[in-house]
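Notes for the one structure printed next.
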2 protein chains.
Amino acid sequence: MKYQDDPFKGNFDSLEEFADRISDLLQCPITIEDANHRLIAYSAHDDYTDPARTATIISRRVPEKVINSLWKKGVIPALLSSQEPLRIETISEVGLGNRVAVSIWKNQEVIGFIWALETDRTLSKDDLELLKKAAKAAKNKVLQLYMRRNKREERVQEFFWKLLTGHITANEEIKENFDFLQIPTAPLFSVFVFRFANDITSDIEKQISYILQTTQQIQVLLYTVDRSDFILLAAPKSTRQPLAECNQFIASFATKMKERFHIANIQSSFGGIYETFEYIEKSYKEALTVLSMKEKFPAQTASIYGYQQLGIYQFFDLLLEKKRQGELTNSALAKLQAYDEKHHTNLIETFEVFFDHDSNVNETAKALNIHPNTLSYRLKRIAEIGEIDLHDMNQKVKLYIDIKLAKYEASH
Amino acid sequence: MKYQDDPFKGNFDSLEEFADRISDLLQCPITIEDANHRLIAYSAHDDYTDPARTATIISRRVPEKVINSLWKKGVIPALLSSQEPLRIETISEVGLGNRVAVSIWKNQEVIGFIWALETDRTLSKDDLELLKKAAKAAKNKVLQLYMRRNKREERVQEFFWKLLTGHITANEEIKENFDFLQIPTAPLFSVFVFRFANDITSDIEKQISYILQTTQQIQVLLYTVDRSDFILLAAPKSTRQPLAECNQFIASFATKMKERFHIANIQSSFGGIYETFEYIEKSYKEALTVLSMKEKFPAQTASIYGYQQLGIYQFFDLLLEKKRQGELTNSALAKLQAYDEKHHTNLIETFEVFFDHDSNVNETAKALNIHPNTLSYRLKRIAEIGEIDLHDMNQKVKLYIDIKLAKYEASH
DNA sequence: CTTCATTTTGTGGAAATCCACAAAACTAAT
DNA sequence: ATTAGTTTTGTGGATTTCCACAAAATGAAG
């Protein structure tokens with residue numbers, strides 16, 4: 001073969017041209033992605049037989065389910081650990097036909113991928129060698145792209161911090177910046193904070209970034225790092241049930257971080273979901289509030305991520321303050337505490353769990369491992385001793401809050 | 001009859017002597033009470049046949065049920081409006097035998113009563129005339145007693161105000177004063193405030209004082225007047241269910257004020273129930289808080305009198321403050337409001353009532369006059385639209401509070 | 001007026017809750 | 001050890017709640 005020596009020597013104006021060149025040589029459709037599976041370039045080809053490729057080109061990124069599937073089959077980990085081309089068998093569930101992939105390296109790091117589809121023909125051993133060379137040749141082109149992106153990235157970072165700290169408040173100004181920096185906008189957004197056990201290294205940052213770039217559950221607008229916090233401005237896809245989407249996203253983020261990069265112990269939260277950009281700072285603060293409350297009341301807030309779901313914990317700080325001033329006392333609680341102390345009973349815990357289970361006798365009994373009748377006896381006792389009407393929400397709530405506050409104070 | 005001219009001319013050392021003198025003349029047991037039915041004096045008489053008299057002497061005041069009964073039969077109103085002696089038939093339910101009573105007057109005001117029991121004999125017309133004279137003669141003696149009491153009263157008032165405003169805080173000092181002024185002490189106490197529609201005139205003050213002196217539901221320690229507020233330090237009788245007793249007292253106080261003196265529209269409250277005197281100021285402030293909340297949230301707090309029962313309204317001021325700073329928003333509420341607005345539905349009201357009825361579907365449906373299934377449909381809708389879990393107390397409470405706050409803000 | 005989506009009401013049966021009563025277990029004293 | 005008081009568990013049955021499904025009513029938009 002004539003081209004064997006240096007088939008990619010010439011200078012290419014664009015990566016598109018480069019993709020076409022590979023495609024020519026190998027006689028198959030070529031797709032080039034960056035490290036986050038965003039489409040960088042693809043060869044012109046009249047071939048609609050591979051749905052995965054089509055979808056990738058249309059949305060300018062690899063569909064999430066395809067990525068997930070490639071992770072599960074071990075394809076991506078393999079590509080990330082070797083410079084050799086890798087043949088991938090058809091994965092029909094996600095519309096992926098037979099293909100060969102090779103990673104593009106810069107020093108010790110993968111900065112992109114080249115995909116060659118084996119639609120018409122199966123690649124030979126020589127072809128794979130050629131693909132490997134193509135990957136090497138692509139390096140500089142892809143790098144340039146990164147450089148440009150990085151420059152932009154710096155300005156974006158600065159802008160994001162201004163938003164988070166409330167240094168830009170005029171909605172118009174914010175919008176202009178969004179447009180200027182070509183950040184997509186969305187009707188609804190919220191600020192997410194992921195707090196890691198340790199400071200976030202650039203490695204981890206890349207991994208997080210990878211997951212964010214490849215997720216499609218949520219639209220990522222901006223993100224930055226603050227010591228051990230990864231801060232993210234993101235938008236739910238639908239406006240109907242945004243909360244649910246945000247929660248799902250958080251759950252799947254944690255799963256992926258754990259499964260793919262073995263990083264656990266991430267405290268996640270998000271603030272209020274708002275429509276206008278002035279509220280970015282607020283949403284950020286709220287996300288931090290959630291984290292702070294998760295720290296103070298870990299058990300109660302374990303399954304809470306959104307500021308909305310924080311419920312009454314939203315103003316617990318305020319109440320703690322008031323309690324410290326001695327202005328919040330509850331004689332019902334005092335009596336119950338005294339009784340518990342004296343008789344070694346568990347009235348307070350009982351009430352707490354009862355409240356947490358929405359006043360459902362059966363569930364509470366199960367949670368406490370006691371007979372339902374035992375529970376109802378205790379409740380009767382609580383009502384008597386504390387002189388509290390257990391059908392009066394008002395009093396129940398008050399008692400509950402006071403119990404929580406007392407517990408917190410006792411442990412601090 | 002020889003004594004007819006001036007049977008009570010001589011000087012009597014004490015009212016006891018005076019009572020014995022009347023008893024001698026009329027040949028029947030005599031009891032003298034002040035305007036509040038406290039025992040002032042009684043004739044020595046070996047007669048246990050009249051339980052009402054015996055009880056009065058033992059406890060140094062007329063039993064409350066006797067007073068109630070006398071009011072119901074119209075006896076006391078009659079005595080308060082006429083200087084003539086009045087014959088009262090046996091009221092066996094309260095152990096009251098046949099007797100004659102006459103009121104003691106000073107100017108236009110009744111300052112006491114003389115009771116003559118017709119145990120051995122029925123009094124003649126002449127006897128009644130004599131009794132009337134006795135009442136006139138008793139006036140000065142009784143007045144002296146009042147004067148003495150009034151002097152003490154002034155010092156007591158000053159002391160009470162010091163307590164209410166926190167100008168005496170040392171428990172020892174407070175106790176000394178209690179002892180010195182011969183105010184009874186009690187293991188538990190609370191400050192009550194009765195707020196009248198207008199400033200309290202001395203007439204009304206007397207009427208209130210009358211009711212307080214005659215009540216036995218609660219032990220009155222101190223009271224004073226502040227414009228339209230009647231402020232009372234009182235102690236529940238039992239330590240087991242003090243709250244219940246305080247509530248009963250308030251209810252019966254209102255009833256009596258209305259039935260006996262035709263004064264309605266009294267806003268009543270009481271603060272926390274405490275054991276040590278340092279908390280008098282606090283209890284007073286709490287009672288005022290209750291009144292203020294009753295003003296702000298009349299419907300919700302209509303049946304609330306004690307600070308304990310205020311429940312979450314205890315810190316509504318704090319939350320209102322926070323809300324004003326724009327730090328409390330609730331997107332669930334916002335969505336529900338928007339929906340209600342657009343579709344002319346009642347989701348918010350529905351939720352509110354549902355919460356107030358302890359999440360009981362049937363009761364709520366009755367209260368709203370809708371079919372239970374309608375309610376459950378609406379609840380499902382609320383959960384969807386507001387993205388709120390109706391089995392999560394936390395979220396429910398938060399929404400409820402936000403609704404209340406929003407309502408309050410909207411109406412102010 | 002019609003149409004479509006939403007809301008309200010009705011029905012029935014499985015599941016659960018509630019309550020009274022009683023026996024058993026446990027505890028803290030004498 | 002006995003006893004009295006409190007707490008826990010068990011049983012059974014009347015009542016209520018919950019849910020799915022369907023029919024009817026309402027109401028806004030074309």
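Atoms considered below: every heavy atom in the structure, side chains included; atoms not considered: hydrogens, waters and symmetry mates. Since the model is a prediction, treat every value here as computed from it, not as a measurement. In what follows, every chain begins at residue 1, and chains take the letters A, B, ... in the order their sequences are listed.
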Quiz item: Closer to the 5' end of DNA chain D via nearest nucleotide, is it B/His344 or B/Asn360?
Solution: B/Asn360
Self-check item: A/Gln219 side chain to A/Ala235 backbone, donor-acceptor under 3.5 Å
Solution: no
Self-check item: A/Lys65 and A/Glu93 ion-paired at < 4.0 Å
Solution: no
Quiz prompt | Salt-bridge criterion met for B/Lys366 and B/Glu363 (N-O under 4.0 Å) | solution = no
Quiz item: Which residues within residues 374-393 of chain A lie with some heavy atom under 4.0 Å of an atom in DNA chain D?
Solution: A/Thr374, A/Tyr377, A/Arg378, A/Arg381
Quiz item: If you pin A/Ile370 and B/Asn373 to their nearest nucleotides in DNA chain D, which one's is more 5'?
Solution: A/Ile370
Self-check item: Heavy-atom side-chain contact between B/Leu310 and B/Phe316 under 4.5 Å
Solution: no
Practice problem: Using whole Å, report how far CG of B/Asp340 lies from P of D/dG27. | Solution: 15 Å
Quiz item: A/Asn362 near the nucleic acid: base, sugar-phosphate alone, or nothing, with a heavy-atom cut-off under 4.0 Å?
Solution: sugar-phosphate
Exercise. In whole angstrom, give the distance that lies between atom NZ of B/Lys342 and atom C1' of D/dG27.
Key: 14 Å
Quiz item: Considering all heavy atoms of both residues, which atom of B/Gln216 and which atom of B/Pro63 are nearest to each other, and what is their separation?
Solution: NE2-CA, 3.6 Å
Quiz item: Thinking salt bridges, do B/Lys396 and B/Asp392 make one under a 4.0 Å N-O criterion?
Solution: no
Quiz item: Contact boundaries of DNA chain C with chain A (under 4.0 Å, heavy atoms), 5' to 3'?
Solution: C/dA16 to C/dA28
Quiz item: For B/His343, which contact category applies under a 4.0 Å heavy-atom criterion: base, sugar-phosphate, or nothing?
Solution: nothing
Quiz prompt | Within 45° cone and under 6.0 Å: B/Lys294 NZ/CZ vs B/Tyr305 ring | solution = yes
Exercise. Check whether any side-chain N or O of B/Glu245 sits under 3.5 Å from a backbone N or O of B/Ser238 as a donor-acceptor pair, and report yes or no.
Key: yes
